[in-house]
Amino acid sequence: MPAAVQQSKAAYDIIRERFGEAVSECDANPTMPFFEVADTSKWADIALFMRDDSRLKFNYMACLSGVDYMEQGQLGIVCNLESIGGPTHKIAVKVKCARDGGSIPSVSCVWHTANWHEREAYDMYGMTFEGHPDHRRILCPEDWTGFPLRKDYQVQETYHGIKVPY
Amino acid sequence: MGLLDARISNRNVLVTSVDNVMNWARLSSLWPMGFGLACCAIEMMATNASNYDLERFGIFPRSSPRQSDLMIVAGTVTMKMAEKVVTLYEQMPEPRYVLSMGSCSNCGGPYWNHGYHVLKGVDRVIPVDVYVPGCPPRPEALIGGLLKIQELVRMEGIGVSRQEALKKLAEKSVDPQQVIGQARKATA
Amino acid sequence: MNQLTISIIFYVFAAVTVLSAAFVVFSKNVIYSAFALLFTFFGVAALYVFLSADFIAVTQVVVYVGGILVLLLFGVMFTNTIMQTELKADVLHVVPGTILLLLMIAGMLYTFYTTGDWMPGQAQLQGSVVQRVGFETMSRFMLPFEMASIVLLVALLGAAFLARYDKAHKNEH
Amino acid sequence: MEMFTAIGLNHFLTISAILFSLGMFAVMTRKNAIVILMGVELILNAANINFLTFSKYNGGMTGVMFSLFVIVLAAAEAAVALAIVINIFKTFKTVDVSRVDTMKE
Amino acid sequence: MQELGKADLNSTRIIPQGDNRVVIEKDLDTEYMVLSMGPQHPSTHGVLRLECITDGEVVVEAEPYLGYLHRCFEKYCEKVDYPGIVPYTDRMDYLAGINNEMAFCITVEKLLDIEIPRRVEFIRVITAELNRIASHLVAIGTYGIDLGAFTPFLFCFRDREHILNLLEWISGARMLYNYVWIGGLSYDVPADFKKRVDEFVTYFKPKVVELYQLLTTNEIFVKRTKGIGIMPADVAINYGWSGPMLRGSGVDWDLRRNDPYSVYPELDFKVALPDPKFCEIGDSLARHLVRAIEIDESLKIIEQCLDKMPEVDGFDPRAAIPKKIRPKAGEVYGRAENPRGELGFYIQSDGKSTKPLRCKARSSCFVNLSAMKDLSKGQLIPDLVAIIGSIDIVLGEVDR
Amino acid sequence: MSHASSLNSWSDALSGFNLGWFPLGLVIVAAIPLVFIALYALTYGVYGERKISAFMQDRLGPMEVGPWGLLQTLADILKLLQKEDIVPNAADKFLFVIGPLVMFVGSFLAFVVLPFGPAFIGADLNVGLFYAVGIVALEVVGILASGWGSNNKWALYGAVRSVAQIVSYEIPASIALLCGAMMAGTLSMQQFCVAQSGPLGLLHWYLFSNPIAWLPFIIYFISSLAETNRAPFDIPEAESELVAGFFTEYTGMKFAMFFLAEYGSMFMVSGIISIVFLGGWASPLPNIGSLALNDMTSGPAWGAFWIIMKGFFFIFVQMWLRWTLPRLRVDQLMYLCWKVLTPFAFIAFVLTAVWEIYK
Amino acid sequence: MSEYFSNIKTGASTIATGMAITLKHFFNAVKRKGDAGIDDADYFKQVDGLCTLQYPREAVPTPAIGRYRLHMDAEDCIGCSQCERACPVECITIETIKVTADDLAACGKTSGGQQKRFWLPVFDIDVAKCMTCGICVSVCPTDCLVHTPVADFSEFDVSNMLYHFGNLTKIEADAKRRKLEEEKAAKEKAAAEAAARGEAPARPAPKPKPAPGPQPDGGKAGE
């Protein structure tokens with residue numbers, strides 16, 4: 001197991017110790033070690049703990065990507081976290097919710113960068129983020145129909161009278 | 001019909017020469033609107049910059065649509081942007097020209113098939129006079145496109161609509177395949 | 001220049017002055033009034049030139065056009081919602097006002113034209129007054145000149161204080 | 001004809017009378033404080049024309065000097081008056097003098 | 001716990017009141033004015049729209065609206081196979097094509113777990129640093145335009161043209177290269193390349209000095225940028241800033257050093273940090289200075305790479321490219337230091353298809369721009385322009 | 001002030017020429033400098049600006065329209081004439097139309113008092129300098145009218161900024177010019193030139209003959225840049241902030257008027273500064289012994305040549321500055337005016353007075 | 001107070017420096033950079049002076065590998081459709097008709113000597129969509145699809161940018177198609193007969209002998 005993955009595992013152990021069953025087992029693969037939040041409602045607490053715990057100090061959210069798990073009927077987000085100026089560990093966190101009407105707690109108050117990323121995830125996939133201060137579409141126009149990056153997305157025929165497909 | 005009538009109806013000498021001067025003025029001072037959208041905007045800036053220097057032709061960008069004659073649609077026009085493009089086009093005073101620069105604004109370019117949010121060609125919302133291909137077009141290509149617009153202006157005049165001018169130009173145009181063949185021979 | 005030319009020019013400027021002044025007074029749009037005032041001031045400056053007071057004429061342009069008019073325009077713009085071109089102001093008591101206006105003009109004109117005593121004296125003012133203004137300011141009118149400067153200073157301070165009323169007010173509390 | 005071509009004292013006095021009356025009209029009838037201010041400026045200008053006219057036709061410098069001071073005072077007056085108008089606007093949210101009827105808000 | 005989070009939010013939202021910041025007081029009872037800057041506005045660097053609520057010249061609040069250049073990059077990633085995505089990455093941050101390609105390729109290579117020839121790595125680094133210089137030249141030049149200096153912009157573009165010519169010579173295209181391929185390069189460099197790059201470095205060094213004298217040290221420029229838009233380090237990290245923006249706030253963080261890739265560990269360069277002598281840490285000038293220093297560092301890196309680059313006879317840069325790129329199932333987050341910060345790619349592969357299941361591009365500009373709302377509060381309109389310019393956004397990357 | 005006539009003999013003679021009752025001569029007197037300057041401003045000012053900026057930026061500038069692009073400006077004007085004249089619906093029609101006119105007139109009115117040679121002046125007013133400074137006020141009103149009339153936020157911002165700027169900078173400018181007036185003891189533009197011409201050429205110029213004159217000279221030059229809205233004080237039309245400032249909404253010929261007015265006032269301030277501090281039409285060459293260079297290069301034609309050359313020089317410096325410097329911010333602009341230029345202008349005023357008394 | 005004066009001093013000195021630089025450039029304007037290409041040894045020879053190239057009159061040579069306008073040489077195309085599959089933009093449309101046995105000679109060989117097995121009734125490249133990524137060129141086995149360094153080819157009508165490189169006219173294509181159908185039908189019939197006779201069915205057809213068939217002017221027809 002490479003050193004980086006071991007560090008991630010160690011960080012995971014701290015979180016596991018604190019939250020127990022709320023987080024799933026760590027997937028310590030070499031390319032992107034991650035764990036999943038089993039209890040979605042705990043995600044904001046976990047996030048805050050991860051940021052503020054002196055051993056973890058995940059103060060930098062590198063990326064937050066929405067994902068469509070069509071087979072499982074779920075939507076999710078993947079957050080890549082690390083620490084700047086603190087320990088050198090990195091870890092990814094997955095949070096999932098139901099595909100229709102699912103919601104995930106917003107962490108935009110923990111990491112400001114999550115604000116726009118969550119808006120983007122909403123724009124592309126349509127999950128809602130509870131407690132998001134500014135829950136709007138960000139890239140597509142406000143009156144756009146559908147969530148473009150869902151696997152079953154069908155593009156609309158016209159937008160404001162302009163033909164959309166080629 | 002007398003000789004005189006024929007002369008007048010066939011746009012007499014005076015009108016033609018006035019036309020020529022007016023067209024010369026318009027084609028010599030095409031002020032484009034600095035309208036950068038995407039990658040092509042950078043090439044447009046490079047064309048304006050020292051190495052290619054559009055000001056040689058009297059083309060110098062204005063930031064207000066009211067003072068520009070030419071709109072260079074440089075880059076991808078998205079659905080969100082399309083309406084703004086139309087607004088800006090409508091703000092320009094006549095006579096106005098549109099040059100579509102780059103694949104994206106010609107027909108959606110690389111984003112034509114899956115780009116749900118990309119307008120598949122700016123000619124769907126505003127009339128385009130010249131299409132410059134390339135992704136992005138080289139500055140040379142943009143200059144070539146602007147020269148084409150100048151040709152178009154030269155063909156216009158009092159009582160000559162843009163369609164007629166285009167028709168005249170089409171008669172004069174060279175077959176692209178021939179040009180490619182020549183270029184190919186030259187490089188071979 | 002012959003007499004006729006001079007009088008034509010005089011009448012042109014007189015007309016500009018009077019008409020634009022009327023426009024100032026009767027226009028319902030405050031901003032139009034302000035811009036019409038520009039022409040009034042200019043016409044008056046031109047009349048000053050006819051009165052051999054070239055220095056006063058230029059002072060009129062500098063102070064009235066460059067200063068007061070701009071102040072007035074700013075005042076109009078500040079006291080109206082920005083970007084709102086409807087700047088209507090009602091005219092009150094039009095009928096009595098107009099009657100009074102006409103009466104006043106008539107009365108004054110009557111007085112002017114019937115009083116012959118102030119008809120031209122022997123020594124008319126000729127040429128430019130620049131140099132004489134300079135001499136007079138530094139000799140006979142020294143005291144008023146200094147007082148004017150004090151008045152200006154006080155007005156400056158007062159205006160600044162009044163316009164910054166909020167701040168002064170805030171500091172009290 | 002002579003009366004119209006030879007520009008004399010009365011011509012200027014006429015203009016000054018008209019200007020003065022117009023200014024008075026504005027001061028008396030208009031509600032907008034700024035227009036009233038404009039009326040005051042018109043009155044001052046009318047007075048100035050008179051000063052200069054008499055100065056010209058009597059050959060003295062007093063009228064010229066006086067008009068200079070009038071302009072100076074007009075500038076001071078305009079500055080202060082506008083400051084007051086703006087304060088009125090801040091307090092009453094209007095520059096309509098007929099609605100400014102209390103000493104203190 | 002949630003409550004604590006809220007409280008904490010307030011404590012991190014400290015935006016210091018620099019002395020340039022105008023305390024908003026209402027002198028006259030004027031109404032707030034809503035100004036819509038953009039999407040077609042000279043200073044928004046493309047098609048950003050800022051809705052500013054202003055009180056006279058003071059910006060009370062500026063809300064950025066994005067998406068005017070949303071070109072569905074992530075949709076394309078799911079529709080096009082891996083080699084086909086590379087040209088689309090070019091079009092994200094179109095000022096730094098090679099850097100984007102490199103970020104994407106190293107991510108996929110991480111997933112594929114393949115070895116890259118050393119010469120390829122050196123060529124990649126040289127071209128990437130050249131492109132970084134070109135990109136910073138545009139950033140500095142357009143910043144000059146924002147502040148009213150037109151000539152530095154043209155000087156920057158004049159020198160950038162040389163870089164473009166160099167890159168066109170090796171890749172065939174001027175701006176969007178498609179040069180770095182997964183597992184290799186599209187072409188080997190021409191024989192004279194080393195010499196020409198060396199000549200370029202000697203040509204360029206005095207030009208950089210001239211540029212600094214003309215723009216960076218100019219008193220008006222300094223006055224316009226110093227102390228404007230100050231971002232403290234902890235807030236910057238919390239906002240996820242990266243690259244020159246983060247370094248401008250005084251954080252010593254450079255992915256080339258902290259999460260090394262390619263041959264960067266072998267190279268000697270220093271992480272550009274602003275000098276508190278010339279600027280206030282975290283202000284617009286600091287960010288500009290970081291970019292200026294990075295140009296020098298990139299030149300150093302290029303010189304070292306030219307020395308160290310192995311010469312291989314009959315070198316085939318496409319030799320290591322897999323015939324069919326079909327990574328094993330798994331996920332990866334790979335990233336590289338772009339001129340504008342961390343460009344990351346999150347790729348999910350199902351192991352069966354030649355197309356990614358999901359590919360998210362974490363673009364640096366998108367993240368950097370998100371702080372705009374906080375940065376602009378209480379600034380003057382000209383300062384707003386200075387702040388946007390110092391963020392140096394490329395809308396292609398913001399909207400993707 | 002021995003000759004207190006308001007017009008010099010040349011223009012007096014011409015203005016006496018009447019066509020019937022119509023004062024044709026007067027019109028000609030008023031129009032000659034105007035036409036001359038308008039032509040100048042049209043062709044060479046704009047063309048020169050483009051070429052100079054191009055050379056400073058390592059490029060060629062206009063090349064294709066006429067030989068070396070010499071006809072570029074002509075083409076621009078002809079094109080602007082043909083353009084559709086849009087008056088936006090939301091605009092205040094009256095103010096929108098009158099704005100550029102007032103500004104144009106205001107910018108060209110001052111040319112009446114600029115002497116283009118010993119015998120070539122529209123009106124040698126005794127208050128020439130005062131008039132030239134004061135008439136700029138008209139421009140202010142034009143700008144305000146167009147900015148307000150456009151009913152566009154950018155235009156209004158530009159107009160308000162511009163007015164604030166011009167009104168403020170008039171103070172140091174006038175005080176600096178007062179220093180010049182004190183040295184010459186006159187306000188007549190013609191007398192300025194007369195006082196500075198002499199056999200020693202440029203040594204008679206105040207800039208070189210007076211040890212303090214450089215201070216008001218620099219102050220006036222900086223303030224004149226601000227008064228004509230030139231870089232680095234071009235914040236009213238700051239392209240990157242306000243799109244195009246107060247003329248954002250203008251098309252065609254109205255826009256051309258703004259353009260002309262800008263170049264007209266550029267020449268005007270250059271003319272004023274060269275008359276007040278650099279001798280106007282006085283030749284710079286001295287008489288060296290029997291080689292009477294000064295006498296050879298004086299006279300009506302030479303006078304026109306010298307003043308235009310001096311004007312060109314200052315326009316060149318203005319362009320040079322414009323293409324070198326970034327733009328100031330609004331508050332910095334005001335700082336410069338009130339806290340730097342105005343105090344220094346007062347210092348210069350006092351020093352000049354002292355020098356004039358004790359020299 | 002000293003800060004006040006030092007500010008004025010630095011302001012003046014930096015402005016003077018900047019002005020010196022621009023003035024230097026102004027006087028350097030007599031020199032001009034030549035039109036040397038990047039592969040020219042004296043590309044960096046001229047450091048100062050004007051760098052403008054007057055494009056329609058003078059041009060910098062584009063490098064030989066420059067990727068601008070796509071060109072296809074129908075003589076060399078073997079109709080493998082790899083470019084069509086590789087193109088991320090899908091701007092290439094290819095339709096092929098298998099060459100019947102007796103037409104092989106008429107179809108000809110590539111310049112590399114490879115036998116062509118497909119007619120190309122349609123080989124359309126929509127240059128308007130092309131993003132010049134060069135992937136199609138890299139997969140082409142016969143190097144018949146190339147990017148030419150020609151960049152300047154703007155059009156008044158966007159439909160002119162759809163380039164047809166196919167080497168058959170519509171009528172010819174129909175004829176070939178019919179011929180192929182016939183041959184296929186004949187082959188199927190033969191196979192059916194063979195199957196009926198109980199022979200092994202899936203034997204490849206024997207190499208056809210070169211037969212002097214009807215001579216189509218296929219190489220030049222495409223436009």
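In what follows, chains carry the letters A, B, and so on, assigned in the order in which the sequence lines appear, proteins first and then strands, with residues in each chain numbered from 1. The basis for the numbers below is simple: all heavy atoms, side chains too, and nothing from hydrogens, waters or symmetry mates.
In this structure, F:Lys79 forms a cation-pi arrangement with B:Trp31, its terminal cationic atom sitting closer than 6.0 Å to the ring centre and no more than 45° off the ring axis. Within the cation-pi definition used here (under 6.0 Å to the ring centroid, within 45° of the axis), F:Arg50 qualifies as a partner of B:Phe60.
At a heavy-atom separation below 4.5 angstrom, chain F is approached by B:Gln91, B:Met92 within residues 85-92 of chain B.
Shortest non-hydrogen contact noted between B:Asp53 and F:Leu60 is OD2-N, 3.3 Å. Closest non-hydrogen pair, F:Thr251 versus B:Arg66, comes out as CG2-O, 2.9 Å.
With values rounded to the nearest 0.5 angstrom, B:Asn48 atom CG is found 8.5 Å from F:Arg59 atom CZ. Here B:Glu55 contributes atom CD and F:Met63 contributes atom CE; the two are 12.0 Å apart, rounded to the nearest 0.5 Å. One distance of note links OG of B:Ser29 with CG of F:Leu71; it measures 12.5 Å at 0.5 Å rounding.
Counting heavy-atom pairs closer than 4.5 Å to chain B, the top-ranked of the candidates F:Leu78, F:Asp58, F:Leu80, F:Asp76 is F:Asp76. The residue among B:Ile59, B:Asp69, B:Leu27, B:Leu54 with the most heavy atom pairs within less than 4.5 Å of chain F is B:Asp69.
Of the possible donor and acceptor atoms, none in the side chain of B:Gln67 sits under 3.5 Å from a partner among the backbone N and O of F:Phe255. F:Gln72 places a side-chain N or O within donor-acceptor distance of the main-chain N or O of B:Ser28, the cut-off being under 3.5 Å. In terms of modelled atom types and a separation under 3.5 Å, the side chain of B:Ser50 and the main chain of F:Gln57 share a donor-acceptor contact.
Looking at F:Leu81, neither its backbone nor its side chain comes within 4.5 Å of chain B, counting heavy atoms on both sides. If you measure heavy-atom distances from B:Asn51 to chain F, you find no contacts under 4.5 Å at all.
For B:Asp123, the side-chain contact (heavy atoms from CB on, under 4.5 Å) partners are B:Val128, B:Tyr131, G:Val158, not counting sequence neighbours.
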